[in-house]
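First comes the structure, then the notes that go with it.
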2 protein chains.
Amino acid sequence: MTLHTDLTRNQSLVLGALERAEGPISAYAILDELRTDGLRAPLQVYRALDKLLDMGLAHRLETLNAFILCAHPHEHTSEIIAFAICETCRQVWEFSDDTVRERLIAWTQAQDFRPSRTTMEIKGQCRKCAA
Amino acid sequence: MTLHTDLTRNQSLVLGALERAEGPISAYAILDELRTDGLRAPLQVYRALDKLLDMGLAHRLETLNAFILCAHPHEHTSEIIAFAICETCRQVWEFSDDTVRERLIAWTQAQDFRPSRTTMEIKGQCRKCAA
DNA sequence: ATATAAATGTTATAGCATTACATGGCGAAC
DNA sequence: GTTCGCCATGTAATGCTATAACATTTATAT
C-alpha cells in the first residue's frame with residue numbers, strides 16, 4: 001500500500017480497492033467494496049476512477065468493462081500500453097513495445113490522424129491456464 | 001448491397017443495417033432500424049451479430065460499444081486489425097500492419113500466452129476534423 | 001475574506017448485454 | 001418417412017455499465 005497524499009478521500013478509497021483487487025475489477029464491484037466506507041452511488045466511483053486514469057495510476061480495460069491498477073505508474077514515456085488478459089484466470093499483463101508504438105504513430109501521421117488514446121488488449125490464455 | 005445467400009433472415013437484416021449505417025452503430029440502434037421488419041428484442045440482434053462477427057463480416061468496436069461492417073471481408077490473413085476512430089465525425093478506418101502483428105505475436109510467444117482475439121483501437125481526430 | 005475551481009452527495013435515468021425458457025425448422029441416420 | 005439432434009428463433013425478465021442533472025461542500029489562490 002503506497003502513500004497517495006495528493007489524492008482526495010474517494011480517490012484514495014478507490015485506489016485502495018484497486019490495490020486489494022490484484023487484478024481487474026468493475027466499478028460496481030469497487031462500489032460494493034466501499035459501501036462500508038460510506039460510498040453509495042456509482043458516480044462516486046466513476047469520478048474517482050476518471051481522476052486515477054488521468055493521473056496514470058489506473059487503467060481501463062475496454063474488453064472487460066473493468067479497471068486495474070497501473071503496473072508501472074512511473075513510466076509515462078510510452079502512453080501506448082498493451083494488455084494481455086487471460087480469459088481463464090483473469091490475470092492481466094501490462095507491457096509496451098516501441099516498435100508497435102512507432103508503427104501505429106507512423107500510420108496516424110501518414111493519415112493526418114491525431115490520436116488521443118490507444119487501446120490494445122489481447123485476450124487469450126496464459127501459460128499456466130493453457131497448459 | 002451484396003448477396004449473402006448463406007445467411008439467415010435475421011443475420012441478413014442485421015447485415016443490411018450495418019451496410020446502411022456506413023459507420024459504427026450500436027446493437028440497440030440496429031434493433032430500432034429493424035423493428036419495421038419484425039425484430040423486437042435485443043437478443044435477436046446480438047445473436048445475429050455474433051454470427052456475423054464469427055464469419056468476419058462485421059467487427060465490434062470495444063471503445064464504442066458498437067459494431068461496424070468489415071471493410072475487407074475477404075482478407076482473413078491477418079486477424080489482427082486496428083481501427084482509427086474519429087471522435088468528432090465518428091468515421092472509422094480499418095487497417096492492419098504486419099510489423100505490429102509480428103511484435104505482438106512475438107510477445108505472446110515469449111510469454112507462452114495463447115491469444116484468441118486482439119483489440120486495437122486508436123481514438124482521436126481525423127484529418128478533416130483536426131483541421 | 002472572498003472568489004473560483006474542484007470534489008462530493010443524491011436521485012434518476014439511459015444504454016448495453018445476457019439468462020432462462022419455450023418454440024420452430026431442417027437435415028442426417030435409420 | 002419418422003425420429004433425433006442441431007441450430008436458429010421468439011419472448012420476457014433481468015443484470016450490468018455509465019451518465020445526466022442538480023444541489024452542496026470543500027479546497028485553493030490571491
Side-chain angles (χ1 to χ4, degrees), chain A residues 4-18 21 23-55 57-68 83 85 87 90 92 117 119 121 123, chain B residues 4-18 21 23-55 57-68 83 85 87 90 92 117 119 121 123:
Chain A
H4 309 283
T5 54
D6 51 337
L7 299 181
T8 67
R9 168 175 164 80
N10 285 0
Q11 289 162 14
S12 291
L13 288 171
V14 169
L15 185 61
L18 288 172
I25 181 174
S26 79
Y28 276 73
I30 292 172
L31 176 58
D32 286 341
E33 279 238 338
L34 298 179
R35 287 194 190 279
T36 57
D37 295 287
L39 292 210
R40 303 180 179 209
L43 205 46
Q44 295 175 296
V45 173
Y46 280 110
R47 287 200 277 227
L49 282 170
D50 281 345
K51 296 301 177 187
L52 296 176
L53 295 177
D54 282 348
M55 298 180 209
L57 296 176
H59 299 293
R60 173 178 168 80
L61 298 173
E62 298 285 350
T63 60
L64 295 180
N65 291 326
F67 302 85
I68 192 169
F83 300 92
I85 304 169
E87 291 168 314
R90 294 212 123 203
V92 174
R117 186 177 166 249
T119 297
E121 299 179 18
K123 289 229 195 155
Chain B
H4 310 283
T5 53
D6 50 339
L7 299 181
T8 68
R9 168 175 163 81
N10 286 0
Q11 289 162 15
S12 292
L13 288 171
V14 169
L15 185 62
L18 289 172
I25 181 173
S26 78
Y28 275 72
I30 292 172
L31 176 57
D32 286 341
E33 279 238 338
L34 298 178
R35 287 193 190 280
T36 57
D37 296 288
L39 292 209
R40 303 180 177 206
L43 202 48
Q44 295 174 296
V45 173
Y46 280 111
R47 287 200 276 227
L49 283 171
D50 281 345
K51 297 300 177 187
L52 296 176
L53 294 177
D54 282 348
M55 298 180 209
L57 296 176
H59 299 294
R60 174 180 167 80
L61 298 174
E62 298 285 350
T63 60
L64 294 179
N65 291 325
F67 303 85
I68 191 168
F83 300 92
I85 304 169
E87 291 167 314
R90 294 212 125 203
V92 174
R117 187 178 166 245
T119 297
E121 299 179 17
K123 289 232 194 149

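Chain A is the first sequence line, chain B the second, and so forth, proteins listed ahead of strands; every chain is numbered from 1. Fair warning: this is a prediction, and the values are worked out from it, not measured in the lab.
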Quiz prompt | Heavy-atom donor-acceptor pair, Arg40(B) side chain to Arg35(B) backbone, under 3.5 Å | solution = no
Quiz item: Without hydrogens or angle criteria, can the side chains of Thr63(B) and Glu121(B) be said to hold a donor-acceptor pair below 3.5 Å?
Solution: yes
Quiz item: Looking at Gln44(A), does any N or O in its side chain come under 4.0 Å of the phosphate oxygens OP1/OP2 on dG9(C)?
Solution: yes
Exercise. Could you state the atom-to-atom distance from CG of Asp6(B) to P of dA8(D) in whole Å?
Key: 11 Å
Quiz item: Separation of Gln11(A) atom CD from dA7(C) atom P, in whole Å?
Solution: 6 Å
Quiz item: When the nearest nucleotide of DNA chain C is assigned to Lys51(A) and to Pro42(A) on a heavy-atom basis, which residue is associated with the more 5' position?
Solution: Lys51(A)
Quiz item: How long is the line joining CG of Leu31(A) and C1' of dA18(D), in whole Å?
Solution: 13 Å
Exercise. Look at Arg40(B) and dT11(D) and indicate whether a side-chain polar atom (N or O) is within less than 4.0 Å of OP1 or OP2.
Key: yes
Exercise. Might you point out which heavy atoms bring Arg60(A) and Leu53(A) nearest each other, and give the distance in Å?
Key: N-CD2, 3.6 Å
Quiz item: For dA17(C), does OP1 or OP2 lie under 4.0 Å from any side-chain N or O of Asn65(B)?
Solution: yes
Practice problem: Establish, with yes or no, whether the OP1 or OP2 oxygen of dA17(C) is under 4.0 angstrom from a side-chain nitrogen or oxygen of Arg60(B). | Solution: yes
Practice problem: In whole angstrom, give the distance that lies between atom CD1 of Ile25(B) and atom C1' of dC16(C). | Solution: 14 Å
Quiz item: Is there a donor and acceptor pair closer than 3.5 Å between the side chain of Tyr28(A) and the base of dA18(D)?
Solution: yes
Quiz item: Please give, in whole Å, the distance from dC16(C) C1' to Leu43(B) CG?
Solution: 13 Å
Self-check item: Between dG10(D) (C1') and Arg9(B) (CZ): distance, integer Å
Solution: 13 Å
Practice problem: May I ask you to evaluate whether Thr8(A) reaches the phosphate of dT26(D), defined as a side-chain N or O under 4.0 Å from OP1 or OP2? | Solution: no
Exercise. Starting at atom CG of Leu13(A), determine the distance to atom P of dA7(C), rounded to an integer number of angstrom.
Key: 15 Å
Quiz item: Nearest heavy-atom pair of Arg90(B) and Leu64(B): which atoms, and what distance?
Solution: NH2-CD2, 3.6 Å
Quiz item: Between Arg117(B) and Glu62(B), is there a side-chain N and carboxylate O pair less than 4.0 Å apart?
Solution: yes
Quiz item: Taking atom P of dA20(C) as reference, at what distance in whole Å does atom OH of Tyr46(B) sit?
Solution: 18 Å
